[in-house]
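Report on the structure given below.
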Amino acid sequence: MTVLEPIVPAVEVPSAPARSLRGEAWRRFRRNRMAMVGLAFLALLVLAAVFAPLITKYTPIERDNSAFRQPPSAEHWFGTDKIGRDVFSRVVYGARVSLRIGIAATTMALVIGVVLGAVAGYFGGIIDTLVMRLTDVFLAIPYIVLAVAIASVAGRSENSVIIVLGITGWLGLARIVRASFLSLKQLEYVEAAHALGYARTRIMFRHILPNALQPVIVYGTVLVGSVILSEAALSFLNVGPQDPTPAWGLMVSQGKGDLANASHLLFFPGGAICLTVLALVLVGDGLRDALDPKLT
Amino acid sequence: MFSFLIRRLLLIIPTVFVALSFLFALFFVLPGDPATLIAGGANRTPDPGVIERVNERYGLNDPLGEQFLNYWKRTLQWDLGESFQNRRSVNEILGEKAVNSVRLGIWAILIEILIGISVGVLSAIRRYSIADKLTTVVTAVASAVPVFVLGFILQYALAVYPNKHDWPAWMRLRTQGLGPDTWTLFFIPTGETWRYLVLPAVALASVSTALATRMTRGSMLEVMRADYMRTARAKGLNERQVIVRHGLRNAMLPVVTLIGVDFGTVIGAAVLTETTFSWPGLGSEIASSVISRDLPVTLGLTLAVVLAYTVINLLVDVSYGWFDPRIRFGKGSKQ
């Protein structure tokens with residue numbers, strides 16, 4: 001007796017394209033060369049900030065009393081500043097300051113912006129009007145004036161810069177989130193969630209928010225860049241972190257008088273600001289294109 | 001249209017009121033009191049009698065609510081008070097600084113309009129050409145460079161370096177201050193003044209020019225896909241007419257918004273440029289008055305800036321109607 005075996009097809013059935021939405025976005029992001037360059041630079045910067053003590057020979061506050069305002073050399077890669085501190089070390093440690101402020105202030109702005117935008121868009125009516133008028137008021141005062149005013153109240157430290165940039169950075173976010181909520185709250189699945197009797201906060205943050213997150217991610221990336229720019233500006237105007245802190249903007253401000261005879265004091269920290277912000281802009285552009293295929 | 005205007009004007013009032021009250025309140029949270037400052041600066045310990053007289057003179061002893069009411073009563077009559085630091089009338093300071101700010105601002109905006117729009121359009125027409133790619137890179141870089149860093153690069157390349165290397169005199173620019181401060185027709189520099197104006201104007205214009213270029217390019221690319229552009233070509237218009245009359249005018253709407261907003265920023269918030277080039281304008285005066293806690297100067301100049309800012313925004317909104325006649329204001333339309 002022969003048992004008839006079912007004929008098994010020799011070719012395996014190709015499994016359904018299993019790429020997730022996220023994987024798809026990552027694939028598109030990777031194809032964007034500029035964005036990848038930006039991402040690589042940011043990765044390097046984070047590594048440098050984390051391992052700062054390993055890659056610098058000097059600490060950022062250590063003074064070499066025999067070397068003032070020296071141009072770049074093998075001993076001091078970026079030269080020394082006017083009291084003999086190693087500029088390379090200060091720039092590397094400065095990455096810590098900028099990243100800390102950039103990430104902390106952006107997180108704060110994200111939380112405020114998302115919550116206010118969500119509440120305004122979801123509830124509408126008087127709450128919406130109040131929140132929107134509040135953003136009008138904040139937008140009516142020139143940003144830098146507002147920041148300088150709050151900074152001089154909050155004191156001149158890293159934490160107060162974080163607070164200043166956090167409470168002035170949420171305006172755009174609130175508007176974006178509000179707009180998404182206005183359209184999303186009318187969709188059927190939100191109605192279904194209502195019918196199931198879910199709490200309003202649960203509907204807002206578990207059901208609607210995930211669908212409104214794409215523009216927030218893109219805006220958030222760019223916001224880190226603009227926060228770092230503003231931090232540099234505040235330091236430059238002397239309302240940011242104070243002297244021994246190696247903040248890039250402060251270093252530029254301190255090198256102001258040395259443009260003609262020791263220009264390296266301005267260009268290394270200035271260059272660090274430019275490259276970091278540029279990298280964030282490039283990554284932000286890449287994310288936007290990757291997350292929203294409709295645009296290109 | 002009329003009711004739209006009225007509604008917008010009425011909206012300005014609470015906005016300005018809350019914004020200035022906020023700044024007013026902020027100042028009384030500040031550590032240290034203004035009387036000490038007036039009576040001799042923060043570093044010296046002034047005579048308590050002097051402090052008493054100062055407090056009396058500026059009404060700083062009154063309860064906060066009363067001071068607040070008095071402030072608004074005076075402000076509504078455009079009595080902006082006098083500077084705590086040097087007793088100059090705020091109106092006088094405002095007049096002097098505003099002129100400098102507006103002059104610098106006009107040139108920055110002219111650069112933004114001329115370069116931003118023309119480069120943006122060219123870059124859109126020749127999409128993917130080398131010039132277009134270069135534009136994309138340059139604008140991305142320009143929007144990432146802090147104004148003060150760009151300012152120092154410009155100072156080094158166009159003033160310090162030429163001076164060090166004995167370039168011909170006409171190529172050397174100046175980096176600090178107003179120079180001889182001579183002008184015709186209000187904003188055209190005469191004599192040596194232009195040497196002082198060029199660098200701050202370019203630095204101030206840089207970021208907004210980059211943004212305007214990118215926006216013009218994007219908006220032009222979108223418009224060029226529109227059906228009416230094909231129609232315009234099909235009915236035999238030459239390329240220039242198609243681009244300028246049909247394309248550009250329709251693509252201008254977002255760019256006009258941007259330029260309008262920039263005009264406010266450039267006049268009132270050019271703090272960094274003004275500080276970098278020691279250009280005595282409104283922005284740097286406001287910033288330094290905030291730092292030295294010169295309340296009347298801060299509030300007075302900010303009031304002027306905020307008013308100018310909101311009025312310009314209003315004008316921008318009104319100008320939409322000219323650029324896009326489909327936009328109607330008033331009944332039935334939002335905004």
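Naming convention: chains lettered A, B, ... in sequence-line order (proteins, then strands); numbering from 1 in each chain. Worth knowing before you read on, the calculation uses all heavy atoms, side chains too, and leaves out hydrogens, waters and symmetry mates.
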### Query
Under 6.0 Å from the CE atom of A:M132, do we count more than 12 heavy atoms belonging to anything else shown?
yes
### Task
With a 4.5 angstrom heavy-atom cut-off, could you sort out which part of B:F152 is near chain A: side chain, backbone, both or neither?
both
### Query
If every non-hydrogen atom of B:L272 is compared with every non-hydrogen atom of A:A233, which pair is closest and at what distance?
CD1-CB, 3.7 Å
### Message
Shorter than 4.5 Å, heavy atoms on both sides: which option in A:L229, A:I228, A:D136, A:L280 has the most such pairs with chain B?
### Response
A:L229
### Query
Where on A:L278 is there a heavy atom nearer than 4.5 Å to chain B: the side chain, the backbone, both, or neither?
both
### Query
A:T276, A:V281, A:L237: which one forms the most heavy-atom pairs within less than 4.5 Å of chain B?
A:L237
### Task
Can you spot which of B:L150, B:V145, B:I153 makes a side-chain contact (heavy atoms from CB on, under 4.5 Å) with A:C274?
B:V145
### Query
In Å and rounded to the nearest 0.5 Å, what is the CG to CD distance from A:L266 to B:Q155?
9.0 Å
### Message
Less than 4.5 Å to any heavy atom of chain A: does that hold for the side chain of B:T15, its backbone, both, or neither?
### Response
both
### Summary
Value for CD1 (A:I150) from CZ (B:F22), rounded to nearest 0.5 Å, stands at 4.5 Å
### Query
At a heavy-atom separation under 4.5 Å, does A:N238 approach chain B through its side chain, its backbone, both, or neither?
neither
### Contacts of residues 36-43 of chain A with chain B (heavy atom under 4.5 Å)
none
### Query
Can you tell me if CD on B:E222 sees more than 12 non-hydrogen neighbours from other groups inside 6.0 Å?
no
### Message
Please rank B:A287, B:A140, B:P146 by heavy-atom pairs under 4.5 Å with chain A and give me the top one.
### Response
B:P146
### Message
Are there over 12 heavy-atom neighbours, none belonging to B:I130, within less than 6.0 Å of that residue's CD1?
### Response
no
